[in-house]
Undergrad: 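Below is one structure. I have some questions about it.
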Amino acid sequence: MKYKVVTKELPVAICVLQHVMAKYQKWKASYGYTTVVAAVLDRFPEHHNESIVLQGSLGLLRGNLYAQLRYREAAEQYFEFNRKFMSKGQSFWGLSGAVSGLSAFFIGSSPLTTLIESKILLLEEMATTFGQEKLLHVYRIHRQFLYNLTGAKGAATSEATLDGDAFREEESVEFCDVDALSDIYYLRLMLAVYYDDSATMQLMLERLDEIEINPLYTGRQNLRLTYTAFACILLGKTSKRKLYSKWGSTANAFWKKLAKAGSVNAQPIQACIEALEEPSIDGFEEAIRICGDARLTNLVALMSERCALWILEFNQMGELPDERCKIPSLKGSSKRSSPPPEGDEYKQYLVQALWNYQSWGALGKVDRLMARFAFLRSAVLEKPPSDSDSEHHFSSGIPSFIG
C-alpha cells in the first residue's frame with residue numbers, strides 16, 4: 001500500500017523550521033530548509049492550493065533574504081506578494097507582506113520618491129477597506145518616517161520624532177500593538193542615526209530593550225539590528241552603559257555571523273560596523289566601496305559623513321563651533337594602517353555625503369547638512385547627474401533637485 005507523504009501544508013511547516021533555524025542563527029540549516037520549500041513547491045504542484053503556494057513562496061522569500069537576495073529585489077517581490085494575496089481575498093497576508101516590503105525598501109536604499117509615498121497611501125486605503133486597523137497604524141508610521149527623511153511637507157518639526165501630518169505618536173501610541181511600537185522605535189532610531197541625535201538614539205535603545213526581536217519579520221529585524229549596531233557604537237564611545245554593550249554585541253554578532261555565512265546583505269553592514277569601531281581613512285573607504293558596490297547609497301552617504309566628522313574631531317577643527325561631531329571621541333584607531341587624515345579632507349567627504357543623500361532622496365538631511373556646513377550650499381548645485389535624478393523626488397529648496 002502506498003501512502004502520501006506530501007501534505008498540502010508541508011511547505012508552510014518547513015518554513016516554520018526555516019525560521020526556527022534563523023532565530024538561533026543556524027544560517028546554513030535555515031537556507032537548507034528554504035531550498036527544500038522550493039523543491040517541494042516545484043515537485044508537487046498538484047498537492048497544493050494557491051494559498052499554500054503563496055504562503056510557502058513567502059517563506060521562501062524570507063529565507064532567500066538571509067542568504068542571497070538583495071533588499072531592493074526583495075522589496076519588489078514583497079509588493080508583488082501583496083498584489084497576489086489581495087487578489088485572492090487574503091487581506092491579512094497581503095497587507096502583512098507589504099510591511100516587510102517597506103522594511104526591505106528602506107534598508108535597501110531604494111530611492112525616496114513620491115512613488116513610494118503613493119504606494120503607502122494605497123496600502124493605507126487597503127487597510128482601511130479591509131478593517132486592518134493595526135496595519136493602518138504601521139503604514140502611517142512608515143509614511144511619517146518617509147516625510148522626515150525627505151523633508152517633505154508633513155515632516156515633523158523635530159526630525160527624529162514621528163509627530164507630523166501622517167502620524168502623531170503621542171496621540172496614536174495607545175492604539176498600537178507591539179509590532180507597531182517596535183516599528184516606531186527602530187524607525188526613530190534610524191532617523192536619530194542619520195540626524196545625529198544622540199538623545200533619541202539613547203531613548204529608542206531603551207525602549208527597544210523591552211521588545212523581543214521577531215525573526216519571522218526578516219526585514220524589520222535586519223533594519224533594527226543595523227541601526228542598533230551603529231547607535232551602540234556611536235554612543236558607546238562616550239558611555240560604558242551596559243545597554244550599549246549588550247545590544248552592540250548582539251547586533252555585531254548577528255551581522256558578523258551572517259556575513260561569514262556569505263549573506264550579500266550582511267557584508268556591507270559589517271564593513272560599516274568595522275569602520276565605526278576602528279575609525280581610519282582606509283576603514284571608511286573600504287566601507288564606502290563595499291556599500292557602493294551593493295548600491296546602498298544611504299550607507300555610502302552615512303559612512304562619508306561619519307568619516308568627515310571623525311576627521312574634524314581627530315584634528316579638533318571646524319570652520320564653526322557646530323561643525324563638530326555631536327557625538328565626540330570617535331578617535332583614531334591604534335590599528336590604523338593609513339596615515340593620519342589631513343584637515344581639509346573632511347570637506348571632500350562631506351560633499352560626497354551630500355551628493356549621496358541627495359541621490360537617495362533624503363532631502364531633509366541635505367538641508368540639515370547645508371545649514372550646518374555653509375560651504376556645501378554651492379556643492380549641492382555641482383552634483384553630477386545620476387540615474388536617480390530622473391525619479392519623482394519630493395520638493396525641496398534645492399533648485400537642481402525639484403521633481
Side-chain angles (χ1 to χ4, degrees), residues 22-23 25 27 65-66 70-71 103-104 106-109 160 182-183 185-215 217-261 263-280 283-284 286-288 290-291 294 296-307 309-310 325-327 329-331 333:
K23 179 178 181 180
Q25 297 184 20
W27 303 120
L65 189 54
Y66 279 117
R70 294 195 184 277
Y71 291 119
S103 298
F106 287 122
I107 195 175
S109 192
S182 179
D183 290 339
Y185 301 153
Y186 71 66
L187 288 175
R188 287 189 63 188
L189 179 64
M190 182 175 173
L191 288 168
V193 168
Y194 281 107
Y195 284 110
D196 201 10
D197 183 342
S198 57
T200 300
M201 288 187 220
Q202 177 180 326
L203 180 60
M204 293 305 105
L205 286 173
E206 291 170 353
R207 291 182 179 178
L208 285 167
D209 186 46
E210 302 174 0
I211 299 178
E212 184 178 357
I213 293 175
N214 188 342
Y217 302 142
T218 310
R220 283 165 152 170
Q221 170 192 245
N222 291 7
L223 197 155
R224 173 178 171 176
L225 288 175
T226 295
Y227 292 94
T228 292
F230 296 166
C232 286
I233 294 170
L234 296 173
L235 295 173
K237 297 291 182 178
T238 55
S239 172
K240 301 303 179 185
R241 283 190 64 183
K242 290 183 179 180
L243 177 69
Y244 307 151
S245 175
K246 168 189 171 182
W247 280 105
S249 297
T250 298
N252 199 348
F254 173 86
W255 290 114
K256 187 176 291 185
K257 193 168 184 178
L258 197 54
K260 187 176 180 180
S263 167
V264 294
N265 293 313
Q267 291 163 357
I269 307 301
Q270 187 60 32
C272 294
I273 290 172
E274 292 173 0
L276 291 172
E277 284 186 327
E278 300 287 349
S280 71
F284 280 116
E286 179 70 359
I288 290 167
I290 291 173
C291 293
L296 294 173
T297 310
N298 56 342
L299 295 184
V300 171
L302 182 63
M303 289 300 103
S304 299
E305 180 187 7
R306 296 315 308 188
C307 183
L309 296 177
W310 168 67
C325 178
K326 292 184 180 178
I327 306 173
S329 299
L330 278 174
K331 300 298 184 183
S333 167

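By convention here, the first residue in the shown sequence is residue 1.
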Undergrad: I'd like to check the side-chain hydrogen bond (donor to acceptor under 3.5 Å, both in side chains) partners of T297; sequence neighbours left out, ordered by chain and number.
TA: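 T297: no side-chain hydrogen bond (donor to acceptor under 3.5 Å, both in side chains) contacts found.
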Undergrad: Applying salt bridge (Lys or Arg N to Asp or Glu O under 4.0 Å), can you list everything that pairs with K246, at least two apart in sequence or on another chain?
TA: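 So K246 forms a salt bridge (Lys or Arg N to Asp or Glu O under 4.0 Å) with D209.
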Undergrad: What residues form a side chain to side chain contact (heavy atoms under 4.5 Å, CB included) with E274, not counting sequence neighbours?
TA: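 Listed in chain order: Q270.
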Undergrad: Please list, chain by chain and in numerical order, all residues satisfying salt bridge (Lys or Arg N to Asp or Glu O under 4.0 Å) with R224, sequence neighbours excluded.
TA: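 Expected list: none.
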Undergrad: Less than 4.5 Å apart, any side-chain heavy atom of Y194 and any of Y227?
TA: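 Result yes, sub-4.5 Å side-chain heavy-atom pair found.
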Undergrad: State the CZ-CD distance between F284 and E305, to the nearest 0.5 angstrom.
TA: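 If we round to the nearest 0.5 Å, F284:CZ and E305:CD are 10.5 Å apart.
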Undergrad: To the nearest 0.5 angstrom, please state how far the CG atom of L225 sits from the CD1 atom of I269.
TA: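 One finds 10.5 Å between CG of L225 and CD1 of I269.
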Undergrad: Can you tell me how far apart CG (L223) and OH (Y186) are? Round to the nearest 0.5 Å.
TA: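 It is 5.5 Å, given to the nearest 0.5 Å.
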Undergrad: Under the rule for side chain to side chain contact (heavy atoms under 4.5 Å, CB included), what residues qualify as partners of A160, not counting sequence neighbours?
TA: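 Partners of A160 under the side chain to side chain contact (heavy atoms under 4.5 Å, CB included) test: L191, A192, D197, T200.
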Undergrad: Quick check for you: to the nearest 0.5 Å, what is the distance between K237 atom NZ and L276 atom CG?
TA: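 Output value for this atom pair is 8.0 Å.
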Undergrad: How far does CD of E277 sit from SG of C272, to the nearest 0.5 angstrom?
TA: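 The CD atom of E277 sits 11.5 Å away from the SG atom of C272.
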Undergrad: Distance check, rounded to the nearest 0.5 Å: W247 atom CH2 versus I213 atom CD1?
TA: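 So the CH2 of W247 and the CD1 of I213 are separated by 4.0 Å.
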Undergrad: Applying side chain to side chain contact (heavy atoms under 4.5 Å, CB included), can you list everything that pairs with E206, at least two apart in sequence or on another chain?
TA: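 In terms of side chain to side chain contact (heavy atoms under 4.5 Å, CB included), with neighbours along the sequence ignored, E206 is linked to Q202, L203, R241, L243.
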Undergrad: Can you name the one residue among T228, I273, N252 that meets side chain to side chain contact (heavy atoms under 4.5 Å, CB included) with I233?
TA: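 Output: one option passes, namely I273.
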